[in-house]
Amino acid sequence: MKILVTGGAGYIASHTNLELLQAGYEVVVADNLSNSSMESIHRVEKLTGKKITFYEADILDKERLSNIFVQEGIHSVIHFAGLKAVGESCAIPLKYFRNNLSGTITLLEVMQEYNVKNLVFSSSATVYGDPEKVPVTEDMPLSATNPYGRTKLMIEEMLRDLYRSDASWNIAILRYFNPIGAHESGEIGEDPNGIPNNLVPYVAKVAIGELEKVNVFGDDYDTPDGTGIRDYIHVVDLARGHIKAIEKLTQNPGLVVYNLGTGVGYSVLDIIHNYEKACNKTIPYAVTPRRPGDIAVSYADATKAYQELGWKAEKGIDKMCEDSFRWQSKYPKGYKN
Ligand code: NAD
Ligand code: UFG
């Protein structure tokens, strides 16, 4: 069965490609390489001993996308392609709306035209805004606190409207919590451009001595140690959730929504201390003011994914930190080495 993976050279997609190939799927990637490198594709091919069909393609380019559907006989699409930096989305919202919204509309139009109506969509826990209670369940109210989050929310709404108009679509919306870590080979991982915005990639750079100390954004939240709490999930567990979602789509479920998280929350200080164990070094840090827009606590209730997909996260925080550190120390410059 052939799966088109948009944004397939990126962080989560590269781990998903590996799981797809190992599970016997054929993988076709469309990526414009705006935030990734061909090297991740080559590494996955090497790790699995299987080929990926790669198209350097922008999902805004309808002709190019159509051509892929004509050439390949796609069965289902996993749609990762998108811009994802929250801060940047506040500075240049139109770029985010153009890329994420227009890109998705173009993809959906082409899928409809070629009668490929199986879709897995990368959504985010950000669609819960500042949740009124935790753990977060899929039926809780949705809202957005920044333009990036708004693109996820708007795409979810578009998908619900599309499904209402035509029930022959099968759509799995996956709401990821905080993916971290890397494949245990240390050959693929997260490779952010410049100084990382997210906590664990930042901690990883401190651990290898590339950055001096971690800035802890606020220690006055209403949490046990005062720092923000998130549901960190190993990227390989997350990737496996996509295989389960693809399997689910073959049962014609209609439109389904799942949280992919572990159900456990860790604070910023928990992460720093677990990372210290993984790298066997002290991670220096300093408390700074809160980052605007951050919420105190978010973690998933992932029961629905367990009940309906038979999926649950298996890797704990030690493994997440160890695998992150292995990748970071093996390739300090990421794919640019
Ligand atoms: P990533 O940046 O590593 O991967 C995204 C990929 O999409 C990149 O390879 C990029 O080159 C490609 N891309 C972007 N715009 C494109 C376009 N117009 N045409 C073709 N390719 C394009 O990011 P990631 O962390 O792997 O995230 C994958 C998806 O998951 C994104 O949609 C993201 O919003 C979502 N998500 C990520 C997180 C996270 O914390 N990493 C959390 C929740 C949701
Ligand atoms: N943090 C720091 N210092 C840093 C970076 C982060 O203290 O240098 C703190 C934040 O304040 C927060 C926690 O670490 O409490 C996690 O922050 P991240 O930036 O790693 O992750 P977020 O939860 O803010 O957001 C991430 C993605 C979003 C996505 C969301 C849910 O960046 O795109 O997870 O999936 F929507």
Side-chain angles (χ1 to χ4, degrees), residues 5-18 29 31-44 80-92 95-96 99-100 122 124-126 146-149 151-152 176-217 228 230-236 238-239 268 271-272 274-275 278-279 283 285 288 291-294 320-337:
V5 182
T6 74
Y11 169 48
I12 304 170
S14 53
H15 293 81
T16 305
N17 293 341
L18 189 148
V29 164
D31 198 306
N32 64 2
L33 301 178
S34 60
N35 195 39
S36 53
S37 151
M38 267 307 282
E39 187 59 24
S40 73
I41 302 282
H42 297 319
R43 301 255 177 108
V44 171
F80 289 105
L83 299 173
K84 62 163 185 179
V86 172
E88 187 184 62
S89 81
C90 297
I92 44 172
K95 185 170 176 191
Y96 275 67
N99 193 75
N100 295 5
S122 299
S124 164
T126 191
N146 57 68
Y148 163 72
T151 67
K152 292 295 176 195
Y176 313 153
F177 281 69
N178 290 52
I180 62 167
H183 187 258
E184 65 178 359
S185 63
E187 289 298 311
I188 54 172
E190 187 167 11
D191 183 20
N193 276 325
I195 295 174
N197 296 310
N198 297 114
L199 178 63
V200 172
Y202 199 105
V203 172
K205 297 276 183 199
V206 175
I208 59 162
E210 207 175 289
L211 293 170
E212 186 197 333
K213 60 176 183 339
V214 180
N215 298 304
V216 174
F217 296 151
R230 296 291 184 275
D231 185 337
Y232 297 92
I233 173 171
H234 197 295
V235 66
V236 171
L238 184 66
V268 175
I271 293 294
I272 291 175
N274 275 286
Y275 215 97
C279 67
I283 306 275
Y285 67 86
T288 65
R291 181 171 64 181
D294 274 354
M320 298 183 215
C321 294
E322 280 162 24
D323 289 343
S324 160
F325 184 62
R326 185 178 303 107
W327 152 252
Q328 190 66 77
S329 28
K330 211 165 168 183
Y331 296 104
K333 302 259 175 282
Y335 293 116
K336 291 173 268 308
N337 273 52

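Start at 1 with the first residue, then count along the sequence. If you're wondering where the values come from, they're calculated on a predicted model, not measured in any experiment.
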Measure the spacing between OG of S37 and CG of N193 and express it to the nearest 0.5 Å. 10.5 Å

How far apart are the closest heavy atoms of P332 and I208, and which atoms are they? CB-CD1, 3.8 Å

Check: A81 main-chain N/O paired with T6 side-chain donor or acceptor under 3.5 Å: yes

Rounded distance [0.5 Å steps], CD in Q328 versus SG in C321: 12.5 Å

side-chain contact (heavy atoms from CB on, under 4.5 Å) between V206 and I272, worked out: CA-CA 10 Å; V206 175; I272 291 175; over 6 Å; no

Is a donor from one side chain sitting under 3.5 angstrom from an acceptor on the other, for N215 and T288? no

Is the charged tip of R43 near the ring of Y335: under 6.0 Å from the six-membered ring centre and within 45° of its axis? no

Within this structure, what is the NZ-OG distance for the pair K330 and S185, rounded to the nearest 0.5 Å? 6.0 Å

Sequence neighbours excluded, the answer for salt bridge (charged side-chain N to carboxylate O under 4.0 Å, His left out) partners of E322 is none

Minimal non-hydrogen separation, A85 against Y96, with atom names: N-OH, 3.1 Å

Using side chain to side chain contact (heavy atoms under 4.5 Å, CB included) as the criterion, list what pairs up with N32, not counting sequence neighbours. S34, D58

Check this for me: Y202, atom OH, are more than 12 non-hydrogen atoms of other residues, nucleotides or ligands nearer than 6.0 Å? yes

Between the main-chain N or O of G186 and the side-chain N or O of Y331, is there a donor-acceptor pair closer than 3.5 Å? no

Without hydrogens or angle criteria, can the side chains of Y148 and E88 be said to hold a donor-acceptor pair below 3.5 Å? no

Going by ring pair (Phe, Tyr, Trp, His ring centres under 6.0 Å), name the residues that satisfy it together with F80, two or more places apart in sequence or in a different chain. H242

Considering all heavy atoms, the nearest G189-A182 contact: CA-CB, 3.9 Å

Heavy-atom closest pair (V235 atom, I12 atom, distance to 0.1 Å) is CG2-CA, 4.1 Å

Please enumerate all residues that pass side chain to side chain donor-acceptor pair (under 3.5 Å) together with Y275, with sequence neighbours excluded. S324

What residues form a side chain to side chain donor-acceptor pair (under 3.5 Å) with N197, not counting sequence neighbours? none

For Y232, check side chain to side chain donor-acceptor pair (under 3.5 Å) against everything at least two apart and list the hits. none

Might you point out which heavy atoms bring N146 and C90 nearest each other, and give the distance in Å? CB-SG, 4.0 Å

Not counting sequence neighbours, which residues clear side chain to side chain contact (heavy atoms under 4.5 Å, CB included) with S36? List them please. A9, D31, L33

Mind checking what makes side chain to side chain contact (heavy atoms under 4.5 Å, CB included) contact with N99, not counting sequence neighbours? L60, L83

Check whether N17 reaches the backbone of G8 with its side chain - one donor and one acceptor, N or O, closer than 3.5 Å. yes

Please list all pairs meeting salt bridge (Lys or Arg N to Asp or Glu O under 4.0 Å) that have one or both residues in residues 198-207, counting only residues at least two apart or in different chains. K205-E210

With side-chain contact (heavy atoms from CB on, under 4.5 Å) as the criterion, how do T16 and L238 come out once you've worked through the C-alpha distance, each side chain's angles and the decisive distance to 0.1 Å? CA-CA 8 Å; T16 305; L238 184 66; over 6 Å; no

For P201, does its backbone N or O pair with a side-chain atom of N198 as donor and acceptor, under 3.5 Å? no

Heavy atoms of L211 and P196 approach each other most closely as CD1-CD, 4.2 Å

Provide the full list of salt bridge (Lys or Arg N to Asp or Glu O under 4.0 Å) pairs with a residue in residues 188-197, sequence neighbours left out, each pair given once. K84-E190, D191-K336

List the residues meeting ring pair (Phe, Tyr, Trp, His ring centres under 6.0 Å) with Y11, not counting sequence neighbours, and say none if there are none. H15

Side chain to side chain contact (heavy atoms under 4.5 Å, CB included) involving D231 - partner list, sequence neighbours excluded: F177, T262, Y299, A300

